[in-house]
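Proteins come first, then strands; the chains are lettered A, B, ... in the order of their sequence lines, and each starts at number 1.
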There are 2 protein chains.
Amino acid sequence: MENEVKTASDKVFVDIRQAIVEGEIAQGSKISEPELSKKHQVSRATLREALNRLESCHLIERKANVGCRVISLTPEKLDEIYQVRSALEGLACRLAATNMTDDEINQVKALLDEHLSTQRVRQGESYYQEEGDLDFHYRIIKGSKNSHLINLLCNELYQLVRMYRVQMGMNGPRVSKAFDEHLAIINAIAARDGELAELLMKRHIAASGNNIERKFQ
Amino acid sequence: MENEVKTASDKVFVDIRQAIVEGEIAQGSKISEPELSKKHQVSRATLREALNRLESCHLIERKANVGCRVISLTPEKLDEIYQVRSALEGLACRLAATNMTDDEINQVKALLDEHLSTQRVRQGESYYQEEGDLDFHYRIIKGSKNSHLINLLCNELYQLVRMYRVQMGMNGPRVSKAFDEHLAIINAIAARDGELAELLMKRHIAASGNNIERKFQ
DNA sequence: ATCACTAAAATTGTCGACAATCTGTTGATC
DNA sequence: GATCAACAGATTGTCGACAATTTTAGTGAT
């Protein structure tokens, strides 16, 4: 349990990040430094430190002498992000097929087994699937053993992807389908077939992206 | 000519970034906030603003309550970065084959013609090749029309790649070979063959990475 | 000589205030 | 009535000082 929240700006960063991802702070809305610093009981300097990190996560945009805005969710941006995510997680998957230990692979398989039983109980519960899905992707990404890639995906892109999934509302019949895709991916990795694993992951992410895009009508 | 240096921290950011990339501030060295803020004639708050952006570029690393260090250049990290770069620029290249206009493609061709004539004059001059190479890659990346990808490559990864190239010393016989590879890539794009363009770009970047890796002995 | 503990120095994190810039409104001119 | 200029208000950028933490130096005991 690595709780990396050591400083005050860390806590504010995590809090605001969640507020943005969950939609508590509306997409596209302006961010007032005086207001937020008062709300979170910190000085503007501390708040600005947190805002800088939010910008690194691509959750807010900044203009000099003007201020910050929460990003707006659009189908076009979703497409752009998922193109990038597909390329990067595809790479991660291919690397994982080489670099994951047998132990790590078995742990992911066990994780999927657990998801299967949990899923049966909570069929429509999208939150569990959300967490489970992310846990799966996390492990594959970590399995690539490429720390630069891990940082890029887990720290800089992850929350942005999550924002689309949360605010566009992930649920419905894709849950069980996604599970099967996860299974196929970890099997390819277990077979040390990096090329196939990469292909399956790219397809899996493309399907997920299309699923979200449909929510825009 | 978009000079995005509007604020004081912008200028400090650009200055320090160059100092790090060029090796004026040694890799792995500790960064003293009081020292640097005095050197650049700004307050620590302004300096810290710049340091935050340097961290976003992956040029420095930060530990809470300890401070910043310039990153260290290692063969392992080089490998990691080039794996990521290959995937992303490969994607950019594939997208460019679809999204670049005929005009833009012709401009890149003209750029390569210009490089050819300049290169004949200054055969061993690595700096020109350096700039020319980057200009080429820039244009392909922009040609992808994927703003998220563009930002990732041009703003967050670019200076880090440059740091390796500059400090490990790029030169030698790869210059003319790289030119031929550029030509093949733009031709594939002109033929609207995204698949081939992606393959060629990935191969081109892998070759470039191996070339740098050789410098580590 | 080595280690543990303490104290002091230095560095980072945080704060409140001031300066520079932008935004929106009012009013004058055409 | 429209355009533009000046003004007022608010917001962001920057500064110097204080608080919290880490690092270093020093002291003493084993």
Side-chain angles (χ1 to χ4, degrees), chain A residues 1-20 24-72 155, chain B residues 1-20 24-72 155:
Chain A
M1 204 72 83
E2 32 177 329
N3 187 9
E4 295 182 4
V5 180
K6 284 300 175 192
T7 174
S9 65
D10 282 342
K11 175 167 170 47
V12 176
F13 164 63
V14 171
D15 286 349
I16 299 180
R17 185 181 65 184
Q18 171 149 347
I20 290 177
E24 190 181 332
I25 303 179
Q27 52 160 310
S29 63
K30 177 129 185 0
I31 286 185
S32 162
E33 293 185 4
E35 179 189 331
L36 264 190
S37 62
K38 203 180 88 179
K39 178 173 182 179
H40 289 270
Q41 312 265 22
V42 293
S43 78
R44 267 185 59 229
T46 302
L47 175 73
R48 282 165 65 85
E49 179 84 25
L51 291 181
N52 276 322
R53 295 189 214 173
L54 289 170
E55 191 184 14
S56 295
C57 298
H58 311 283
L59 292 178
I60 67 176
E61 288 172 336
R62 223 173 161 186
K63 275 188 182 175
N65 289 314
V66 173
C68 299
R69 300 194 85 86
V70 179
I71 58 153
S72 305
N155 294 139
Chain B
M1 205 71 85
E2 31 177 329
N3 186 12
E4 295 185 5
V5 180
K6 284 300 174 191
T7 174
S9 65
D10 283 340
K11 174 168 170 48
V12 176
F13 165 63
V14 171
D15 287 349
I16 300 180
R17 186 181 65 184
Q18 171 149 348
I20 291 177
E24 189 181 331
I25 302 178
Q27 51 160 309
S29 63
K30 175 126 182 10
I31 286 183
S32 162
E33 292 184 3
E35 179 189 331
L36 264 191
S37 62
K38 203 179 88 178
K39 179 174 182 181
H40 289 271
Q41 312 264 21
V42 293
S43 79
R44 266 184 62 230
T46 303
L47 174 73
R48 282 164 65 84
E49 179 83 25
L51 291 181
N52 275 321
R53 296 190 215 176
L54 289 170
E55 192 185 13
S56 295
C57 298
H58 311 282
L59 292 178
I60 67 176
E61 288 171 336
R62 220 171 164 190
K63 276 186 182 177
N65 290 315
V66 173
C68 299
R69 300 194 87 87
V70 179
I71 59 154
S72 306
N155 294 138

Task: Gap separating the CG atom of A:Leu36 from the CZ atom of A:Arg48, nearest 0.5 angstrom - done: 13.0 Å

Open item on the list: Let me confirm one number: the CD1-CG distance from B:Ile16 to B:Leu54, rounded to the nearest 0.5 Å.
Closed with: 6.0 Å

Task: Along DNA chain D, first and last positions that approach a heavy atom of chain A under 4.0 Å - done: D:dT11 to D:dT14

Open item on the list: Would you compute the distance between atom NZ of B:Lys63 and atom NZ of A:Lys6 and round it to the nearest 0.5 angstrom?
Closed with: 13.5 Å

Task: Minimum heavy-atom distance B:Val12-B:Ala50, with the two atoms named - done: CG1-CB, 4.0 Å

TODO: For B:Ser32 and for A:Val66, find the nucleotide of DNA chain C with the closest heavy atom, then tell me which residue's nucleotide is more 5'.
DONE: B:Ser32

Open item on the list: When you compare the side chain of B:Arg53 with that of B:Ser9, does any pair of heavy atoms fall below 4.5 Å?
Closed with: yes

Open item on the list: Below 4.0 angstrom, which residues in residues 38-54 of chain A have at least one non-hydrogen atom near DNA chain D?
Closed with: A:Arg44, A:Arg48

TODO: Could you tell me which non-hydrogen atom of A:Gly28 sits nearest to which non-hydrogen atom of A:Ser72, and how far apart they are?
DONE: CA-OG, 3.6 Å

Open item on the list: Do B:Leu51 and B:Glu33 have side chains that approach each other closer than 4.5 Å (heavy atoms only, starting at C-beta)?
Closed with: yes

- [ ] Mind calculating the distance between CD1 (B:Ile60) and C1' (C:dT12) to the nearest angstrom?
- [x] 13 Å

- [ ] Look at atom NZ of A:Lys38 and say whether more than 12 heavy atoms of other residues, nucleotides or ligands are closer to it than 6.0 Å.
- [x] no

